[in-house]
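Chain A is the first sequence line, chain B the second, and so forth, proteins listed ahead of strands; every chain is numbered from 1.
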Protein chains: 2
Amino acid sequence: MFSVSARTQYAIRAMSCLAKREGRSATSAEIAQSESIPAKYLEGILSRLKASGLIESERGKNGGYRMAKDPAEIRMLEIVEAIDGRIKPVTCVDAPGACSQGGDCHPRNFWIGLKTTIDAYLAERTLKDVSEG
Amino acid sequence: MFSVSARTQYAIRAMSCLAKREGRSATSAEIAQSESIPAKYLEGILSRLKASGLIESERGKNGGYRMAKDPAEIRMLEIVEAIDGRIKPVTCVDAPGACSQGGDCHPRNFWIGLKTTIDAYLAERTLKDVSEG
DNA sequence: TATATTCCTATTAATCAGATAGGAATATGG
DNA sequence: CCATATTCCTATCTGATTAATAGGAATATA
């Protein structure tokens, strides 16, 4: 119940790995080896992290990935959302009135409250907190 | 991300339905019809709720299900756990030292903290809160 | 031009949730 | 004792999603 995807766990490990390098870059292959992540699978993960602006990249020889920000400024919620999208306990979170009960549906409010609670927890903690303690 | 299973949502609807009956019983077929839940699928759900002591049942003619407790005494966490088990963002929450980093693994502590936060939210709210408002 | 890299797209494989099916066990009322 | 209505048990199917693999195009360097 409420399990975190392998992708997101890989993403956090990859980000921690880059964080340790303090701005210096690493190739996808290096990260994969160092963190025991399937190399080709990791490429897709890095691509999402880049699309969200959390990391930057250079192609070609001597290319690689590097942090785009200070790890202390990266909220865990940003990583999670970059990989798996917004937290949505039930699909109607973003669709008020989708269920028959209309606007003031108690179960829906209950799940929205849970989403808010989870979001807050993840937003209060940074990559620095999680990778260094 | 972090989506609630259809089973758990069905379970909550079924419990709300029984709660409205204030101790009187309803058959699985009645609940299924009233809440638009696949009838055979619902049987398995009711069976788990019963195994957790949240509802009681009688077999045979005139049989059915009824609440085992006051809805105000049933925490949402109990329903969720009855259906999908304990909340476990990562498999190692119950397995300290499973990962290479040993006992004091920061990501693990992070996920345990999230579990604790979710558990608290779900334990603070009762079936009565969610079904009546 | 050879090489090392990111980047893009498709495909496969494995896992799991949701749903269905059939019938055994059990209780009731006629 | 029998017909019926129910819970209860076990097996199976199906479709969606995730995890992983594969191949190669684009790009940068020396």
Side-chain angles (χ1 to χ4, degrees), chain A residues 1-14 18 21 24-68 80 82-85 88-91, chain B residues 1-14 18 21 24-68 80 82-85 88-91:
Chain A
M1 185 92 214
F2 289 129
S3 60
V4 174
S5 69
R7 260 215 279 258
T8 291
Q9 292 178 63
Y10 288 155
I12 293 169
R13 299 226 299 271
L18 284 177
R21 308 220 167 197
R24 275 167 292 131
S25 78
T27 67
S28 173
E30 283 166 343
I31 301 170
Q33 171 133 47
S34 143
E35 301 293 329
S36 306
I37 302 171
K40 274 292 196 180
Y41 195 50
L42 177 61
E43 288 183 9
I45 292 167
L46 293 169
S47 146
R48 297 191 195 198
L49 292 170
K50 181 185 176 182
S52 297
L54 298 174
I55 62 179
E56 293 167 343
S57 68
E58 302 298 338
R59 304 180 150 195
K61 206 164 181 176
N62 301 336
Y65 297 89
R66 63 171 176 277
M67 298 295 295
V80 166
I83 302 299
D84 283 336
K88 221 191 273 193
V90 290
T91 55
Chain B
M1 185 92 212
F2 288 128
S3 61
V4 173
S5 67
R7 259 215 278 258
T8 291
Q9 293 178 62
Y10 288 156
I12 293 169
R13 299 226 299 271
L18 284 177
R21 308 220 167 197
R24 275 167 292 132
S25 79
T27 68
S28 172
E30 284 167 344
I31 300 170
Q33 170 133 49
S34 143
E35 301 292 328
S36 306
I37 302 171
K40 274 292 195 178
Y41 196 50
L42 177 61
E43 288 184 10
I45 293 168
L46 294 170
S47 144
R48 297 189 196 200
L49 292 170
K50 182 186 175 181
S52 297
L54 298 174
I55 61 178
E56 294 167 342
S57 67
E58 301 297 339
R59 308 181 147 193
K61 207 164 182 176
N62 299 336
Y65 297 89
R66 62 171 177 277
M67 298 295 293
V80 167
I83 301 301
D84 282 335
K88 219 191 275 193
V90 290
T91 54

*Asks:* Nearest of C/dT3, D/dT7, C/dA19 to any side-chain atom of B/Ser57?
*Replies:*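 From the listed options, D/dT7 comes nearest.
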*Asks:* Between P on C/dG18 and CZ on B/Arg48, what's the gap in Å once rounded to a whole number?
*Replies:*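 In whole Å, C/dG18 P and B/Arg48 CZ are 10 Å from each other.
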*Asks:* Whole angstrom is fine here: how far is it from OH in A/Tyr41 over to C1' in C/dC8?
*Replies:*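 Answer to the nearest Å: 17 Å.
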*Asks:* Would A/Met67 and A/Arg21 count as a side-chain contact (heavy atoms from CB on, under 4.5 Å) here? Give the steps.
*Replies:* CA-CA 9 Å; A/Met67 298 295 295; A/Arg21 308 220 167 197; over 6 Å; no
*Asks:* Which residue, A/Asp84 or B/Gly60, contacts DNA chain D at a nucleotide closer to its 5' end, judged by nearest heavy atom?
*Replies:*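 It is B/Gly60 whose nearest nucleotide is closer to the 5' end.
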*Asks:* Hey, what do you get for CD1 (A/Ile31) to CD1 (A/Ile45), rounding to the nearest 0.5 Å?
*Replies:*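 Going from CD1 on A/Ile31 over to CD1 on A/Ile45, the span is 10.5 Å.
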*Asks:* Among C/dA19, D/dA19, D/dC8, which nucleotide sits nearest the side chain of B/Tyr10?
*Replies:*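 Of the candidates, C/dA19 comes closest.
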*Asks:* Can you figure out which of D/dT7, C/dT20, C/dT28 approaches the side chain of B/Lys61 most closely?
*Replies:*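 Closest nucleotide to the B/Lys61 side chain: C/dT28.
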*Asks:* Measure the distance from CD1 on A/Ile45 to C1' on C/dT6 and round it to the nearest whole Å.
*Replies:*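 Rounded to whole Å, this separation is 15 Å.
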*Asks:* Between C1' on D/dT18 and CD on A/Gln9, what's the gap in Å once rounded to a whole number?
*Replies:*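 Rounding to the nearest Å, CD of A/Gln9 and C1' of D/dT18 are 13 Å apart.
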*Asks:* Out of D/dA19, C/dA25, D/dT27, which nucleotide sits closest to the side chain of A/Arg59?
*Replies:*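 For the A/Arg59 side chain, the nearest candidate turns out to be D/dT27.
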*Asks:* Would you mind classifying the nucleic acid contact of B/Gly44 as base, sugar-phosphate or nothing, using non-hydrogen atoms under 4.0 angstrom?
*Replies:*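 Nothing, no nucleic acid heavy atom in range.
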*Asks:* Rounded to whole Å, how long is the line connecting atom CD of B/Glu58 with atom P of D/dT4?
*Replies:*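 Those two atoms, CD and P, are 23 Å apart.
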*Asks:* Return the nearest nucleotide to the side chain of B/Tyr65; candidates are D/dT7, C/dT28, C/dG18.
*Replies:*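 Out of D/dT7, C/dT28, C/dG18, the nucleotide with an atom closest to B/Tyr65's side chain is D/dT7.
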*Asks:* Calculate the interatomic distance between A/Arg13 atom CZ and D/dA19 atom P; express it in whole Å.
*Replies:*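 Rounded to whole Å, this separation is 13 Å.
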*Asks:* So B/Ser47, base contact, sugar-phosphate only, or nothing? Heavy-atom distance under 4.0 Å.
*Replies:*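 If one applies the 4.0 Å heavy-atom cut-off, B/Ser47 turns out to touch nothing in the nucleic acid.
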*Asks:* Look at the side chain of B/Lys40 and the base of C/dG18, then say whether one donor and one acceptor between them are separated by less than 3.5 Å.
*Replies:*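 It does not, because no donor-acceptor pair links the side chain of B/Lys40 to the base of C/dG18 below 3.5 Å.
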*Asks:* Distance check needed: C/dA27 P versus B/Asn62 CG, whole Å only.
*Replies:*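 Going from CG in B/Asn62 over to P in C/dA27 covers 13 Å.
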*Asks:* Find the distance between CD1 (B/Ile12) and CD (B/Glu35) and round it off to the nearest 0.5 Å.
*Replies:*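 It comes to 11.5 Å.
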*Asks:* May I ask you to say what A/Glu43 touches in the nucleic acid, namely base, sugar-phosphate or nothing, with a heavy-atom cut-off under 4.0 Å?
*Replies:*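 Base contact - A/Glu43 has a heavy atom under 4.0 Å of at least one base atom.
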*Asks:* Quick one: A/Leu42 CG to C/dT5 P, roughly how many Å, whole number?
*Replies:*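 Computing the A/Leu42:CG to C/dT5:P distance gives 14 Å.
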*Asks:* Output the distance between atom CD (B/Gln9) and atom CD1 (B/Ile37), rounded to the nearest 0.5 Å.
*Replies:*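 Those atoms lie 10.5 Å apart.
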*Asks:* For the side chain of B/Lys50, starting at C-beta, report the closest nucleotide among C/dT6, D/dC8, D/dT7.
*Replies:*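 Nearest to the side chain of B/Lys50 among the choices is D/dC8.
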*Asks:* Just how far is it from atom CD1 of B/Ile83 to atom OG1 of B/Thr8, taken to the nearest 0.5 Å?
*Replies:*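 Those atoms lie 5.5 Å apart.
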